[in-house]
Amino acid sequence: MLMFLVIKRFRVVFSLILLSGFIWYFGAVRVQVEQGLSLLLHTQFVPALLSSLGASLLVLVAILLLTLLFGRLNCSLLCPLGVFQDVVIRISNLFKTKKQRRFRYTKGVFWLRYSILTLTALLWAVGFTWPLLLLDPYSNFGRMASSLFKPVFYACHNGLHYLWPDTYYFQSYSVGSLLGWILPIAIFVTVVGMSAFRGRLFCNTICPVGSFMGLISKYAAFRPLIDNSGCNRCGRCSFVCKAECIDSKGQQIDHSRCVSCFNCLIACNEKQAVRYVFCWKRPATHPSNRRHFITSLSGLAGTVALYRFVDTKNHQVSNRQTIAPAGARSHEHLKRFCTACQACVAVCPTRIIQPTFRGYGLDGWMLPAINYQNGFCTYNCNRCSQVCPSLALERVPLEEKKLIRIGKARLTLKHCIALKDQTDCGACDEHCPTKAVHMVPFGTQGLRKPVVDDEYCIGCGGCEYICPATPKAIVVEGLPIHERALPPVVEEQHGIEDIDFGF
Amino acid sequence: MERRNFLKTAVAGAIAGTIQLNNTTLFSKERSQEADYDLIAVLGGTSAEMYARAIEAMGGISNYVKKGQRVVVKPNIGWDRLPEEAANTNPELVAAIVKDCLIAGALEVIIFDNTCDEWQACYKNSGIEAAAKAAGAKIAYGHEEKYYKDALLPQAVRMKKAKIHEAIINCDVWINVPILKNHGGAKMTIAMKNYMGIVWDRRYMHANDLQQCIADLVTYPKRPVLNIVDAYRIMTQNGPKGKSLEDVQMGNALFISPDIVAVDSAAIEFFNQFKKMTIQDASHVAKGEELQLGTTKLKDIKIKRIRI
């Protein structure tokens, strides 16, 4: 009994710490991302699944093992959207009568759950990642936090600025495209609504990760079980079951929906009829069992097999203008692996990475793209590629990143100030880190105009951002497949002897 | 009050007011008498040594910074570059100036710049934030429009107003501490060009005759009491950002003068030894002379040359 209380408390505390970490990661106003914090992102199932194809299987195996041992602890402990729902349930309880707080056992909508899971997996396998992006709980949480929670952080930060202007800098907040808010608001309303009234209904009906975990958790080594002899069918356990999966009358628990929150163990305080016990090899107690499992598992196996054979390399690129962050390799690679969790958006120090609407085609809605309107890509920075948990942005070392060409500067001289007004400008040259853009003399008045050496251009956008001409005389066009630029030429100089004053 | 008394008081007040007004001009004459030179050039030695010798020859910092004054030291912190890459003012020099101002009794010394690269990276990697803080300065933020206030430039030719950083607007005196670099747009960036870090909208300047706008900006009535040009390391090519250490040469020099046009002219002549450059090419300097901001005729002013 005491042990159950301890593990429940541990679950609550641990999950709240993780949730705070996630909220801080996505929301906080800061430039330096705390390296330890980005490790949090690597605890998530879908990113681990996606990155496992290109990198280590470790996290994926760990999450699967955790589920096989303890049931869907992932959903109660690690998943930020799951823990967020627990918080919503807690808050909504404040507005409910004691009776209204009770959950009731439901049978669950199995056909819907597994249809969503199968469809998402199949579509992903044939190269269509967008449904997965739309449903992945972690990515949904990321989008929600970075759209809806971030403004709150900004408000607090600027509030502190007004109190202590020397310590806290002011940071203006830009709303960005409202189209980027549609999905986060939709998911927020859905998740809050569902959890306030029906507990973990979202996790057990819509969430494909929950459904997949459910297939394994049915056979978990440790499961809550109802001891028929001790149980008097009081129903307390089912009142507190936010998964609505305990049939106290039939003394059955649907372990595919159980999220291992341990609430039932505490609720059954008189006779300890509900116990969390080792029951390896004991068959799943709920009907709709083995056949489901085998069908779904073979579906998943088929999915992975299919994925291996589907060639996604030669797809046509929808829009040649869009600039993908360094490490994305190509638009196709990004669309294949990115779940639009906004982890890269959160760490970009110049805030140039933003979710795009149609930049990569409609099936790339919310994927990160670079916009040079309010900033440019810092030469000495590769933070976006260091935090991506699904490796949609591959981890490129800084020196490598400095050579990745994500776009190409295109110069339209007739708009250029130097030619149009016959005055000095050179703003583009000033900002170019590789001197792909540099100034050459023209005319008789000692003026200079810019030229671009394509092979050194990395598409960082310094030139486009600062160009004062209207319309811009220099813009960066994104490359659907990233290229490698030549390293900047080191121009040797001969020092002079006998330096004098010169005047 | 009787009419006579009233008149007496009024006259007394008027006299007092006139003296008060004249005080600054009287004071500045006094200052130029104390400093025997218009410009000091120092060659050889570290930044701190050169600064110490130069300011000594100018009669000490207390000629320029008075007890209880709020001081701004404005270095170039424009780029996310390390000190040895010479894109930003040498932090060692900034620290020496800050310390000197505080010793002279400055109430506070504020450091800031409107950076080109991402501001936190610039403040940090330039080494200036750490060095200035260690020397006792405060760091001001300059990355948001909120920190800039409208100011009129009545003497300007083209840019009649600008948004200028509140630290400059609120300070009693400020010291301009640029680094000597070549510049793709303005040809040279020295003391006058360093003004671009006190305004918000640099794009406007680039789009409206950059060279004239730089000179216009320097007409802002609150001029720096001193311009201290850091030529310890100089960027002789690919400026102002530079792309490798190969763009940097050791200048081992420092120039100091209240006359911004003269100090820029001297620095260009010095620079000309490394890379060909004339005062005419960096035309904002000549435009500054036209606006009577100083002189390019170095022969007409008293210069002290110090070799360490």
Side-chain angles (χ1 to χ4, degrees), chain A residues 30-32 158 161 165-166 168-172 348-351 375-376 378-381 417-418 420-435 437-439 445-446 448 450 456 462 465-470 488-496 498-503, chain B residues 41 43-44 80-81 116-121 125 138-141 143-147 183-187 202-212 236-241 243-253 265-266 268-274 280-281 283-284 298 303 305:
Chain A
R30 44 107 166 75
V31 169
Q32 294 289 336
N158 289 337
H161 160 74
D166 292 345
Y168 292 90
Y169 56 86
F170 178 79
Q171 189 67 56
S172 56
C348 179
T350 51
R351 299 173 186 81
F376 57 96
T378 300
Y379 192 54
N380 287 329
C381 174
I417 299 287
K420 211 164 57 175
D421 297 352
Q422 299 280 313
T423 57
D424 280 318
C425 173
C428 49
D429 158 88
E430 194 177 339
H431 277 64
C432 182
T434 63
K435 285 289 168 281
V437 182
H438 56 266
M439 307 300 281
Q445 299 163 40
R448 294 186 219 174
Y456 302 110
Y465 162 74
I466 201 67
C467 178
T470 333
V489 177
V490 176
E491 297 161 58
E492 278 185 37
Q493 293 195 98
H494 298 292
I496 56 164
D498 302 330
I499 302 170
D500 203 345
F501 290 101
F503 50 89
Chain B
L43 205 53
D80 177 12
R81 290 282 196 235
C116 297
D117 280 333
E118 191 273 305
W119 70 278
Q120 293 193 8
N125 294 335
K138 281 187 190 165
I139 299 295
Y141 309 115
H143 62 291
E144 286 274 352
E145 191 169 3
K146 177 189 175 295
Y147 293 108
H183 194 284
K187 311 290 192 320
R202 278 192 293 252
R203 275 206 198 90
Y204 176 89
M205 300 178 70
H206 275 279
N208 292 280
D209 191 350
L210 179 64
Q211 305 278 18
Q212 185 62 54
T236 50
Q237 61 186 19
N238 294 317
K241 188 171 185 168
K243 58 178 176 178
S244 73
L245 284 173
E246 197 56 43
D247 301 330
V248 180
Q249 296 203 39
M250 292 308 291
N252 294 314
S265 305
I268 291 172
E269 298 287 13
F270 174 74
F271 185 90
N272 189 43
Q273 301 175 96
F274 296 84
Q280 288 70 39
D281 270 345
S283 59
H284 60 269
L298 297 176
I303 300 177
R305 295 172 177 81

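Per chain, numbering begins at 1; letters A, B, ... match sequence-line order.
The candidate with the highest count of non-hydrogen atom pairs below 4.5 Å against chain B, out of A:Met439, A:Lys435, A:Glu430, is A:Glu430. Chosen from B:Ala41, B:Gly251, B:Ala140, the residue pairing most often with chain A at heavy-atom distances under 4.5 Å is B:Ala41. Among A:Thr470, A:Val490, A:Ile466, the residue with the largest count of heavy-atom pairs under 4.5 Å with chain B is A:Ile466. Each of A:Asp429, A:Asp166, A:Ile417, A:Asp424 has some count of heavy-atom pairs under 4.5 Å with chain B, and the biggest count is that of A:Asp424. In terms of heavy-atom pairs under 4.5 Å with chain A, the best-connected choice from B:Phe274, B:Tyr204, B:Tyr141 is B:Tyr141. Of the listed residues (B:Gly44, B:Gly239, B:Gly184), the greatest number of heavy-atom pairs within a distance under 4.5 Å of chain A belongs to B:Gly184. Comparing B:Ile268, B:Thr236, B:Asn252 by heavy-atom pairs within less than 4.5 Å of chain A, the highest count is held by B:Thr236. Chosen from B:Ala186, B:Ser283, B:Cys116, the residue pairing most often with chain A at heavy-atom distances under 4.5 Å is B:Cys116. Note on B:Arg81, B:Lys187, B:Met250: by heavy-atom pairs under 4.5 Å with chain A, the leading option is B:Lys187.
Within the 4.5 angstrom heavy-atom criterion, atoms from both the backbone and the side chain of A:Gln171 approach chain B. Contact annotation for B:Asn238: both backbone and side-chain heavy atoms come within less than 4.5 Å of a heavy atom of chain A. Of the two parts of B:Met205, neither the backbone nor the side chain holds a non-hydrogen atom closer than 4.5 Å to a non-hydrogen atom of chain A. Proximity to chain A is limited to the side chain of B:Lys146, based on heavy atoms less than 4.5 angstrom apart. The parts of B:Leu43 that come within reach of chain A are both its backbone and its side chain, each placing non-hydrogen atoms under 4.5 angstrom from that chain. With a 4.5 angstrom heavy-atom cutoff, B:His183 touches chain A via backbone and side-chain atoms both. Heavy-atom distances place no part of B:Ala253 under 4.5 Å from chain A, backbone and side chain included. Of the two parts of A:Cys467, only the backbone, made up of N, CA, C and O, holds a non-hydrogen atom closer than 4.5 Å to a non-hydrogen atom of chain B. For a residue to count as touching a neighbouring chain, one of its non-hydrogen atoms must lie under 4.5 Å from one of that chain's; by this rule B:Arg202 does not touch chain A. Looking at A:Pro165, the atoms closer than 4.5 Å to chain B (heavy atoms on both sides) all sit in the backbone: N, CA, C or O. Residue A:Cys381: no heavy atom, backbone or side chain, is found under 4.5 Å from chain B. Contacts of B:Glu144 with chain A are made by side-chain atoms alone, with heavy-atom separations under 4.5 Å and no backbone atom involved. For a residue to count as touching a neighbouring chain, one of its non-hydrogen atoms must lie under 4.5 Å from one of that chain's; by this rule A:Ala427 touches chain B with backbone and side chain alike.
When side chains are defined from C-beta on, A:Val489 counts as touching A:Tyr456, because their heavy atoms get closer than 4.5 Å. For the pair A:Pro433 and B:Lys241, the minimum side-chain heavy-atom distance is below 4.5 Å. Residues A:Tyr168 and A:Asn158 are not in side-chain contact: their nearest non-hydrogen atoms beyond the backbone lie 4.5 Å or more apart.
A donor-acceptor pair shorter than 3.5 Å cannot be found between the side chains of A:His438 and B:Lys243. Under 3.5 Å, the side chains of A:Thr350 and B:Glu118 contain no donor-acceptor pair of N or O atoms.
Not a single ring-ring contact (aromatic ring centres under 6.0 Å, His included) links B:Phe271 to another residue, sequence neighbours left out.
In this structure, B:Leu210 CG and A:Thr423 OG1 are separated by 7.5 Å, a value rounded to the nearest 0.5 Å. The line from CG of B:Asp117 to CG of B:Asn125 is 9.5 Å long, rounded to the nearest 0.5 Å. A distance of 5.5 Å separates CZ of A:Phe503 from CD1 of B:Ile303, quoted to the nearest 0.5 Å.
With A:Tyr379 contributing its side chain and A:Thr434 its backbone, the two residues share no donor-acceptor pair below 3.5 Å. Looking at B:Gln273, its side chain does come within 3.5 Å of a backbone N or O of B:Phe270 through a donor-acceptor pair.
Ring-plane geometry between A:Tyr169 and B:His143 is classed as perpendicular, the angle between the planes exceeding 60 degrees on a 0 to 90 degree scale with a lower cut at 30.
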* Asked: Run the side-chain hydrogen bond (donor to acceptor under 3.5 Å, both in side chains) check on B:Glu246 and A:Gln493 step by step: do they pass?
  -> CA-CA 7 Å; B:Glu246 197 56 43; A:Gln493 293 195 98; 5.4 Å; no

